[in-house]
Amino acid sequence: MTATVLDGKAVLATMKDELRARVARLAEAGVVPGLATVLVGDDPASTWYVGAKHKDCAEIGVTSIRKDLPAGSSLEGVLAVVDELNERPDVTAFLVQQPTGLDEFAILSRVDPSKDVDGLHPFNLGSLVMNKKAPLPCTPVGCVELLRRYDVPLNGAEVVVVGRGLTVGRPLGLILTRRSENATVTMCHTGTKDLAAHTRQADVVVAAAGVPDIITPDMVKPGAAVLDVGVARRDGKIAGDVHKDVAEVAGYLTPNPGGVGPMTRAMLLANVVEAAERAAGVEPPA
Ligand SMILES: Nc1nc2c(c(=O)[nH]1)N[C@@H](CN(C=O)c1ccc(C(=O)N[C@@H](CCC(=O)O)C(=O)O)cc1)CN2
């Protein structure tokens, strides 16, 4: 068996077309969505991600503003920029690129929750816990959207999430257990005694541990869907969490790069457009 490729790049392109039409509808109502990003320091990966976000915005007609702060910036300096973006009417949504090396809780808590496109403000994460509508964190909701677009069923599925970080594992567990997804979720992490015993039972495995090749073919049930969220690097190239031979066992597999990463960008754009629609009282498509 060779797994069907869950092509995040292709879905990103499709979603850009869909979102461009919604941005055009907003423009008719006199609204231009505006995304701002805050980047602290010069980490090459973070710099690339932020650059990609601005390019994506330009492609669908969203204006964007960069606030690049030098490495070694203080927490107070970052919070002052957050305060400025909270006040600016031309900025309908913004994010602080992570990691900053500073107190993430203090930074995330300072963002106006109605402009929080990352869905990581404690109020928005609390809304997810309490099943209230709020922007959802981009990578986990990107995983769910990718599976939906390839008709991989989640209703009643056994899903194993490997990793319990703030931006992927933890919110993904919450999203997948909503009634709308209705999956049964097992959260695995560095304290899990027998990871393979869990993954072998799973219909869907989401590997977000940041440990290269932690998921090997013997750990995957034949036909399962496997999503690789790992972004460790080896010789400058991405070394994902999923061993390449998993393609011979899995039914569906994300490439990495080209799988979940582009979906993170797609869902950010969706959150930007949705925030602008909400602010303008424009009904989003059903
Ligand atoms: N404020 C946030 N910080 C971070 C988030 C986030 O959602 N919000 N997620 C990640 C980084 N990230 C977005 O910010 C991100 C990761 C990966 C990609 C992507 O398209 N990757 C490409 C490969 C690029 C490469 O070669 O390095 C791919 O997978 O094809 C986009 C965005 C952490 N920080």
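We count ligands from 1, going down the list as the structure has it; atoms in each ligand are counted the same way.
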Practice prompt. Kindly determine whether Ser64 and His54 satisfy side chain to side chain donor-acceptor pair (under 3.5 Å), including the steps that lead there.
Written response: CA-CA 6 Å; Ser64 66; His54 288 272; 2.7 Å; yes
Worksheet item: Could you walk me through whether Asp90 and Arg88 pass the salt bridge (charged side-chain N to carboxylate O under 4.0 Å, His left out) check?
Response: CA-CA 6 Å; Asp90 57 330; Arg88 276 179 70 155; 2.7 Å; yes
Worksheet entry | Per atom 25 (C) of ligand 1, closest listed option by heavy atom (Gln97, Arg233, Lys237) | Arg233
Discussion item. If the threshold is 4.0 Å, N to carboxylate O, is there a salt bridge linking Arg20 and Glu59?
Written reply: no
Worksheet entry | Closest to atom 13 (C) of ligand 1 among Lys53, Arg265, Met263 (heavy-atom distance) | Lys53
Discussion item. Pairing donors with acceptors under 3.5 angstrom, does anything connect the side chains of Thr264 and Thr139?
Written reply: yes
Discussion item. Could you check whether any heavy atom of Val96 sits closer than 4.0 Å to an atom of ligand 1, since that is the contact criterion I want to use?
Written reply: yes
Response to the item:
Residue set satisfying side-chain contact (heavy atoms from CB on, under 4.5 Å) with Asp194, at least two apart, ordered chain then number -> Ala196, Ala197
Worksheet item: Can you tell me if Ala52 has a non-hydrogen atom under 4.0 Å from ligand 1?
Response: no
Worksheet entry | Any Lys9 heavy atom less than 4.0 Å from ligand 1 | no
Fill in: Gly258 near ligand 1 by a heavy-atom separation under 4.0 Å
yes
Worksheet item: Are side-chain N/O atoms of Ser114 and Arg278 paired as donor and acceptor at under 3.5 Å?
Response: no
Discussion item. Below the 3.5 angstrom mark, is there an N/O of Tyr49, backbone or side chain, next to an N/O of ligand 1?
Written reply: no
Discussion item. My question is simple, although I want it checked carefully: is atom 23 (C) of ligand 1 less than 4.0 angstrom from any protein heavy atom?
Written reply: yes
Discussion item. With respect to Gln98, determine whether any N or O atom, backbone or side chain, lies less than 3.5 Å from an N or O atom of ligand 1.
Written reply: yes
Discussion item. My understanding is that we take every heavy atom of each candidate and find the minimum distance to atom 8 (N) of ligand 1. Doing that for Val168, Thr139, Asp118, Leu166, which one comes out nearest?
Written reply: Asp118
Fill in: Enumerated ligand 1 atoms positioned under 4.0 Å from heavy atoms of Pro257
23 (C), 28 (C), 29 (O), 30 (O)
Fill in: Distance from atom 29 (O) of ligand 1 to nearest protein heavy atom, with residue and atom
Gly261 CA, 3.4 Å
Practice prompt. Give the other cluster members for Leu75, using side-chain heavy-atom distances under 4.5 Å between Ile, Leu, Val, Met, Phe, Trp and Tyr residues; answer none if it is isolated.
Written response: Val38, Val40, Ile65, Leu69, Val78, Leu79, Val81, Val82, Leu85, Val91, Phe94, Val96, Leu102, Ile107, Val111
Worksheet item: For the side-chain contact (heavy atoms from CB on, under 4.5 Å) test, which of Leu269, Val117, Leu268, Thr167 pairs with Cys138?
Response: Leu268
